[in-house]
Participant: 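Following this message is one structure expressed as C-alpha cells.
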There are 2 protein chains.
Amino acid sequence: MDASNQTCAQAILETVPVIIQAIRVEMRLERMHDLSVPQFRTLAYIARHPGCSLSDVAEFIGLTLPSMSVLINGLVGQGLVLRQVSLIDRRRVTLTLTEAGSEVYQRARQGTIAWLQRLLEPLSEEERRTIVQAMELLKPIFSAEMAHQKSKQLVEESTGR
Amino acid sequence: MDASNQTCAQAILETVPVIIQAIRVEMRLERMHDLSVPQFRTLAYIARHPGCSLSDVAEFIGLTLPSMSVLINGLVGQGLVLRQVSLIDRRRVTLTLTEAGSEVYQRARQGTIAWLQRLLEPLSEEERRTIVQAMELLKPIFSAEMAHQKSKQLVEESTGR
DNA sequence: TCAAATAGTTAAGCATACTAATTATTATAG
DNA sequence: CTATAATAATTAGTATGCTTAACTATTTGA
C-alpha cells in the first residue's frame, strides 16, 4: 500500500514549481544586486567550496561546462569571482570569491532569507519544524538523483544518443 | 525567539532549487513528449480550469501576457490546446485541452510522478507524511505571495518604476 | 614518445521571457 | 449616444540562458 507515496509525489510536483517561481520573481523584483538564481547558487557553491573547479560547480548546479564557463565569465566580469589556473594541474581552474563577491552573495542571501522569513512568520513553531524536516529528507534524495542523471547523460552520449 | 524561522528559510532556499533542477533535467532527459516545465504547468492549469483566459493562466504560472501568448502558440501548434474567442467578451480567449493535449498531459504527469515515486521509495510512511504536510503548508503561502508580487509589479509600473 | 583522456573555451543556434507598441473590444463619463 | 478610457490579447524586438559541436591546452599512460 503506497497511496501515500503517490500523494507525496503529487504534492511535490504541485508545490515545488510554485515555490521556485515565487523565488525567481522575488529575486528579479528585488534585482538581487543583478544576480540570477543560477548565479546566486554558483556564488553559494564557491563560497562553501573555495578553490573548486569549473566542473565541480557545473555538476552541482546541473549545467553543462560551456554554460558554466559563460556564467563564470559574467561573475568574473563583475569582479565577484576569481578564476585562476590551478598550480597542480594547469588544465584546471580554481574558483574563489573576491571580497566583493562575498559581500554581494551575503547580501543577496540575507535579503532572500529575510523575505522567506516574513512569509513563514504566520506558521507555528511545529509547522516550521515539519518543513525543515521535509527539506532535510528531500535534499539528499534529489542531490543524489542529479548525480545519477548526469551519468545517464554520459551513457546516452557514448551510445550515440 | 525565531531561530527556527531562519533555519526554515535557509532549508527552503537550499533545497528547492536542487529539486526543481532535478525535475527540469528529468523532464528534458525523458523529453516528456517535448514539454518544458512551464508548458507542463500550463496544460495542468487548463486541464483543471477549462475555458480559462490567457490572463488567468499567465497569472497562475507567473508569466507576462506576451510570454504566455507565445507559450500557448506553441501548444496550439502542437495540437494540444484549443484557443477560441470568448462568446461573452470577444476580447477574451477561452482555452481548453484537445483530446491529444489531455493525453500528452496525463502521460507526462504519470511519467514524472512515477519517477518521483521511485525516488521516494526508500522513505518511511511517516517521512512521506512529513513531506506531504510540508508541501501543504508551503503551497498556499507561495501561491498568495505570487499574487502579491504581481500587484507589486503593477504598482511599480504605474509609479514610473 | 605519441595517442587517448581530461579541463576548459569559443562559436552558433534555439528557446524563453521580457518590455514597448499595437489592435480589437468593452465599459464609462459627459 | 458619442468619445474616451480601460481591458485582453497579440506582435515586434531584445536580452539572456542554455545547448551542442568543434577546438585548444594540458596531462596520463601504453
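Residue numbers begin at 1 in each chain, while the letters A, B, ... track the order of the sequences.
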Participant: Please state how far atom CG in Leu63(B) lies from atom C1' in dT16(C), giving the value in whole angstrom units.
Facilitator: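 That distance rounds to 9 Å.
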Participant: Can you tell which of dT10(D), dA17(C), dC18(D) lies closest to the side chain of Leu71(A)?
Facilitator: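 Among dT10(D), dA17(C), dC18(D), the one nearest the side chain of Leu71(A) is dC18(D).
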Participant: Do we see a donor-acceptor contact under 3.5 Å between the side chains of Ser67(B) and Thr64(B)?
Facilitator: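 On atom types as modelled, these side chains qualify, holding a pair under 3.5 Å.
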Participant: Starting at atom CG of Leu75(B), determine the distance to atom P of dT16(C), rounded to an integer number of angstrom.
Facilitator: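 That distance rounds to 10 Å.
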Participant: From CG of Leu35(B) over to C1' of dT16(C), roughly how many Å is that when rounded to an integer?
Facilitator: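 Spelled out: CG on Leu35(B) to C1' on dT16(C) is 15 Å.
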Participant: Starting from C1' on dA8(D), measure out to CD on Gln84(B) and report it in whole angstrom.
Facilitator: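 Spelled out: CD on Gln84(B) to C1' on dA8(D) is 17 Å.
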Participant: Does dA9(D) have OP1 or OP2 sitting under 4.0 Å from an N or O in the side chain of Ser69(B)?
Facilitator: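 No, no such contact exists.
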Participant: Quick one: ring pair (Phe, Tyr, Trp, His ring centres under 6.0 Å) pairs with a partner in residues 104-147 of chain A, sequence neighbours left out?
Facilitator: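 For residues 104-147 of chain A: Phe40(A)-Tyr105(A).
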Participant: Has Ser55(B) got a side-chain N or O lying under 4.0 Å from the OP1 or OP2 atom of dA9(D)?
Facilitator: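 Yes.
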Participant: Please tell me if Ser36(B) has a side-chain N or O lying less than 4.0 Å from either OP1 or OP2 of dT16(C).
Facilitator: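 Yes, within the criterion.
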Participant: Charged N to carboxylate O under 4.0 angstrom, Glu14(B) versus Arg48(A)?
Facilitator: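 Yes.
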Participant: Give the nucleotide from the list dA7(C), dC18(D), dA17(C) with an atom nearest to the side chain of Arg92(A).
Facilitator: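 Output: dA7(C).
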Participant: Round to a whole Å and report the spacing from CD1 of Ile72(A) to P of dC18(D).
Facilitator: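 Answer to the nearest Å: 12 Å.
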Participant: So with a 6.0 Å cut-off around CD of Gln110(A), is the heavy-atom count from everything else above 12?
Facilitator: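 Enclosed.
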Participant: Looking just at side-chain N and O atoms, do Asp56(A) and Ser53(A) make a donor-acceptor pair shorter than 3.5 Å?
Facilitator: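 The answer is yes; a qualifying pair exists.
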Participant: Extract from the structure each pairing of a protein N or O with an N or O of nucleotides 27-30 of chain D at less than 3.5 Å, listing the distance.
Facilitator:
from: dT27(D); atom 1: OP1; to: Arg90(A); atom 2: N; distance (Å): 3.0

Participant: Look at all strands and tell whether Ser53(B) reaches a base, only sugar-phosphate, or nothing, counting heavy atoms closer than 4.0 Å.
Facilitator: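 It contacts sugar-phosphate atoms only.
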Participant: Quick one: Leu54(B) CG to dA8(D) C1', roughly how many Å, whole number?
Facilitator: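 So the CG-C1' distance, Leu54(B) to dA8(D), works out to 8 Å.
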Participant: Considering only dA9(D), dT9(C), dA17(C), which nucleotide approaches the side chain of Leu65(B) most closely?
Facilitator: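 It is dA9(D).
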Participant: Partners of Tyr45(A) by ring-ring contact (aromatic ring centres under 6.0 Å, His included), sequence neighbours excluded?
Facilitator: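 By the ring-ring contact (aromatic ring centres under 6.0 Å, His included) rule, Tyr45(A) matches His49(A), Phe60(A).
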Participant: Could you pull out the closest heavy-atom pair between Ile46(A) and Leu95(A), with the gap in Å?
Facilitator: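 Minimum heavy-atom contact is CG2-O, 3.7 Å.
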Participant: Measuring from the side chain of Ser67(A) (C-beta onward, heavy atoms only), which nucleotide among dT19(C), dA8(D), dC18(D) has the closest atom?
Facilitator: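 The answer is dC18(D), which lies nearest to the side chain.
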Participant: What's the CG-P distance between Asn73(B) and dA12(D), to the nearest Å?
Facilitator: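 Distance check: Asn73(B) CG to dA12(D) P gives 11 Å.
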Participant: With respect to the side chain of Pro66(B), which nucleotide from dA17(C), dT19(C), dT9(C) is positioned closest?
Facilitator: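 Of the options given, the side chain of Pro66(B) lies nearest dT19(C).
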Participant: With a 4.0 Å cutoff (strictly under), does any side-chain N or O of Arg83(A) reach OP1 or OP2 of dG8(C)?
Facilitator: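 It does not, given that no N or O in the side chain of Arg83(A) lies less than 4.0 Å from OP1 or OP2 of dG8(C).
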